[in-house]
Colleague: 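Provided herewith is a single structure, encoded as structure tokens, for subsequent inquiry.
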Amino acid sequence: MAKILCVLYDDPIDGYPHDYPRDTIPTISTYPGGQTAPTPSGIDFTPGQLLGSVSGELGLRKYLEGAGHTLVVTSDKDGPDSEFERELVDADVVISQPFWPAYLTAERIGMAPKLKLAVTAGIGSDHVDLEAAAAHGITVAEVTYSNSISVSEHVLMMILALVRNYIPSYGWVVRGGWNIADCAQRSYDLEGMAVGTVAAGRIGLAVLRRLKPFGVDLHYTDRHRLAADLESELGLTFHESTESMVPFCDVVTINAPLYPGTEGLFDDKLIGTMKRGAFLVNTARGKICNTDAVVRGLESGQLAGYAGDVWFPQPAPGDHPWRTMPHHGMTPHISGTSLSAQTRYAAGTREILECFFEGRPIRDEYLIVDGGHLAGTGAHSYSEGNTTAGSEEAARFNR
Ligand code: NDP
């Protein structure tokens with residue numbers, strides 16, 4: 001029987017909810033392109049409930065304990081005295097969410113001789129040292145597509161919030177003001193602007209599709225070019241590289257995975273080639289942008305706004321400069337963990353566990369590392385390497 005160690009974020013400060021604003025959520029059974037939503041043999045939760053926090057347990061306890069396994073759930077994930085490190089030594093499976101990542105560094109993998117499977121309940125497995133996982137024969141899997149549309153909606157929200165100066169304007173209302181000029185002096189229409197995405201994968205393409213009706217000029221760069229009929233349907237301009245695209249854009253949205261080739265991509269040099277007053281939205285991974293370069297870009301006016309929900313490390317320490325930089329629209333890492341998304345990635349996690357325990361193949365589209373190599377989706381979208389350096393800084397966060 002196996003020990004499953006599951007790291008989830010804390011319950012709400014007022015306690016685990018007893019009721020919710022809505023009674024139902026829409027059922028999504030197929031994603032754009034035809035991939036089916038998760039197909040576990042069953043689920044032990046009500047769709048729309050909070051599953052991603054400690055008491056939600058991703059709805060897994062009944063299933064796992066019913067099969068004789070041990071489930072340990074904790075939010076205490078950082079530092080050598082954490083419950084995560086204590087429990088890791090004899091864990092067979094680790095489950096973690098990118099929003100509150102249990103960083104699986106090479107050192108931690110070295111402490112876990114029994115570890116065979118690391119599941120990302122969500123998308124993006126950069127919190128795992130993929131090279132070390134491959135070397136130790138650990139399978140890494142994530143629930144591909146489970147929250148891609150969720151993130152694309154967040155991107156649209158953030159682009160509009162920045163360009164239209166929504167957040168400061170809301171602030172004036174809350175403070176009892178009616179300061180139209182204060183609000184309007186940084187407020188623009190998106191219409192007619194050039195918007196570019198770094199990557200046109202599941203999220204990037206969904207963003208492009210959603211932007212089309214806004215009457216903007218759409219640009220993209222990706223390692224693989226989209227089909228010509230899709231380019232013409234959406235009116236896309238393709239660029240060979242991020243460097244060649246960004247000088248054309250008023251708004252740039254980042255939708256590429258984090259791996260060594262994208263780490264620190266948006267540095268002073270690249271930001272310096274953007275139009276003065278460009279808006280940058282990053283819901284992919286914090287490390288794709290150089291932290292201080294973003295701050296400098298905002299302070300100098302080279303960037304008119306920056307928004308996103310991804311930071312490094314996570315949770316971001318209280319003194320992280322992105323909390324206090326000007327003209328930002330940051331949220332904690334929430335875009336992919338709406339109650340709607342949780343339903344899908346909890347079901348997908350269960351599907352992956354069922355396959356693993358029953359000796360059935362895990363869907364190729366869920367695989368990142370398998371058999372000692374990048375595999376499935378991982379082989380297509382990632383590259384070998386490790387992006388967990390510096391993750392020990394997450395221990396500085398004070399609850
Ligand atoms: P996909 O794998 O569908 O798409 C990623 C795309 O990025 C692929 O088309 C890939 O190209 C492309 N790509 C890789 N490297 C580069 C590069 N250097 N320049 C341009 N394009 C590149 O993933 P998703 O769209 O589902 O997710 C993307 C990322 O978003 C995830 O890896 C994750 O980090 C982040 N994410 C964030 C969430 C959140 O809650 N904020 C939730 C979900 C995901 P190709 O495959 O053609 O080689």
Side-chain angles (χ1 to χ4, degrees), residues 9 31-33 35 52 96-101 120-128 130 140 142-158 196-210 219-227 230 236 238-246 252-266 270 281-289 307-312 314 330-338 340-342 344-345 348 364-368 374-385 387:
Y9 45 77
Y31 303 123
Q35 181 183 318
S96 171
Q97 298 171 110
F99 325 104
W100 187 257
T120 302
I123 302 173
S125 299
D126 47 275
H127 58 283
V128 178
L130 298 180
V140 181
E142 60 186 47
V143 192
T144 310
Y145 237 138
S146 58
N147 55 16
S148 304
I149 302 303
S150 325
V151 179
S152 71
E153 291 184 2
H154 208 80
V155 173
L156 263 285
M157 175 182 79
M158 289 189 145
T197 173
V198 179
R202 294 172 183 86
I203 296 172
L205 182 56
V207 169
L208 290 168
R209 285 191 185 286
R210 279 156 182 73
H219 297 250
Y220 81 102
T221 181
D222 197 290
R223 297 194 303 191
H224 300 92
R225 197 163 171 171
L226 296 170
L230 191 51
L236 305 179
F238 173 73
H239 299 263
E240 289 291 341
S241 66
T242 303
E243 288 79 0
S244 60
M245 181 183 78
V246 299
V252 173
T253 153
I254 307 174
N255 299 296
L258 170 64
Y259 57 86
T262 56
E263 186 170 343
L265 178 64
F266 279 78
L270 185 65
V281 171
N282 176 14
T283 53
R285 285 296 178 262
K287 258 192 170 183
I288 296 175
C289 294
D309 68 326
V310 287
W311 308 64
F312 189 82
Q314 290 190 178
M330 296 299 296
T331 62
H333 193 165
I334 56 161
S335 64
T337 189
S338 58
S340 324
Q342 291 177 33
R344 294 186 291 273
Y345 69 67
D364 231 30
E365 59 220 15
Y366 291 165
L367 288 176
I368 302 299
L374 290 174
T377 288
H380 188 79
S381 297
Y382 288 73
S383 71
E384 301 281 353
T387 52

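Counting begins at 1 with the first residue of the sequence. Counting starts at 1 for both ligands and their atoms, following the listed order.
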Colleague: Using a 3.5 Å distance criterion without hydrogens, assess whether the side chain of Q342 forms a donor-acceptor pair with backbone atoms of T337.
Modeller: yes

Colleague: For ligand 1, is there an N or O atom under 3.5 Å from any N or O atom of H380?
Modeller: yes

Colleague: Who's the nearest protein heavy-atom neighbour of atom 16 (C) of ligand 1, and how far?
Modeller: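 Of the protein heavy atoms, Y259 OH, 3.5 Å lies nearest.
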
Colleague: To which protein heavy atom is atom 9 (O) of ligand 1 closest, and what is the distance rounded to 0.1 Å?
Modeller: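 In this structure, atom 9 (O) of ligand 1 has D222 OD2, 2.8 Å as its nearest protein heavy atom.
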
Colleague: Under 4.0 Å from ligand 1, counting heavy atoms only, is it the side chain of T337, its backbone, both or neither?
Modeller: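 Contact part for T337 vs ligand 1: neither.
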
Colleague: Which heavy atom of the protein is the closest neighbour of atom 42 (C) of ligand 1, given with residue, atom name and distance?
Modeller: V151 CG2, 3.2 Å

Colleague: Suppose we measure from atom 1 (P) of ligand 1 to each protein heavy atom; which comes out shortest, and what is that distance?
Modeller: R202 NH1, 3.5 Å

Colleague: Does any N or O in the side chain of T262 come within less than 3.5 Å of the main-chain N or O of P257, such that one atom is a donor and the other an acceptor?
Modeller: yes

Colleague: Could you tell me whether the side chain of T144 and the main chain of E365 form a donor-acceptor pair under 3.5 Å?
Modeller: yes

Colleague: Please say which of S338, S340, P32 ends up in a side-chain contact (heavy atoms from CB on, under 4.5 Å) with I149.
Modeller: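 Result: among S338, S340, P32, P32 is the only option passing the side-chain contact (heavy atoms from CB on, under 4.5 Å) with I149.
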
Colleague: How far is atom 19 (N) of ligand 1 from its nearest protein heavy atom, and which residue and atom name does that atom have?
Modeller: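 For this ligand atom, the closest protein heavy atom is V198 CG1, 4.2 Å.
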
Colleague: Relative to ligand 1, is D309 under 4.0 angstrom through side chain, backbone, both or neither, heavy atoms considered?
Modeller: side chain

Colleague: Is there a polar contact between ligand 1 and G336, counting only N or O atoms under 3.5 Å apart?
Modeller: yes

Colleague: Nearest to atom 25 (O) of ligand 1, what protein heavy atom do you find, and at what distance?
Modeller: I203 N, 2.8 Å

Colleague: Classify the contact between F99 and ligand 1 as side chain, backbone, both or neither, using a heavy-atom distance cut-off of under 4.0 Å.
Modeller: side chain

Colleague: Verify whether one side chain among Y382 and S125 offers a donor that lies under 3.5 Å from an acceptor in the other.
Modeller: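 Side chains of Y382 and S125: no pair found under 3.5 Å.
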
Colleague: T283 side chain to V155 main-chain N or O, any donor-acceptor pair under 3.5 Å?
Modeller: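 Judged by distance alone, no pair lies under 3.5 Å.
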
Colleague: Over 60° means perpendicular and under 30° means parallel, so classify the ring planes of H380 and H224, tilted if in between.
Modeller: parallel

Colleague: Working to the nearest 0.5 angstrom, can you tell me the gap between H219 NE2 and S244 OG?
Modeller: 11.0 Å

Colleague: Starting from atom 47 (O) of ligand 1, what is the nearest protein heavy atom, named by residue and atom, and what distance separates them?
Modeller: H224 ND1, 2.5 Å

Colleague: Yes or no: does S148 have any heavy atom under 4.0 Å from an atom of ligand 1?
Modeller: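 True for this residue.
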
Colleague: Give the residue and atom name of whichever protein heavy atom lies nearest to atom 2 (O) of ligand 1, and the separation in Å to one decimal.
Modeller: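 Protein heavy atom at minimum distance: S381 OG, 2.8 Å.
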
Colleague: Only one of T253, T221, N255 clears side-chain hydrogen bond (donor to acceptor under 3.5 Å, both in side chains) with T197; which?
Modeller: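 Checked T253, T221, N255 against T197; only one passes side-chain hydrogen bond (donor to acceptor under 3.5 Å, both in side chains): N255.
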
Colleague: Give the contacting part of N147 toward ligand 1: side chain, backbone, both or neither, where contact means a heavy-atom distance below 4.0 Å.
Modeller: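 Near ligand 1, N147 shows its side chain, while the N, CA, C and O stay back.
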
Colleague: Can an N or O of T262 be found at a distance shorter than 3.5 Å from an N or O of ligand 1?
Modeller: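 No: no nitrogen or oxygen of T262 is under 3.5 Å from one in ligand 1.
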
Colleague: Can you sort out which atoms of ligand 1 are near V310, meaning under 4.0 Å from one of its heavy atoms?
Modeller: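 By the 4.0 Å cutoff, the relevant atoms are 41 (N).
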
Colleague: Run the contact test for S335 against ligand 1 with a 4.0 Å cut-off on heavy atoms, strictly below, and give the result.
Modeller: yes

Colleague: Pick one of side chain, backbone, both or neither for how H333 approaches ligand 1, counting any non-hydrogen atom pair under 4.0 Å.
Modeller: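 Answer for H333: side chain.
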
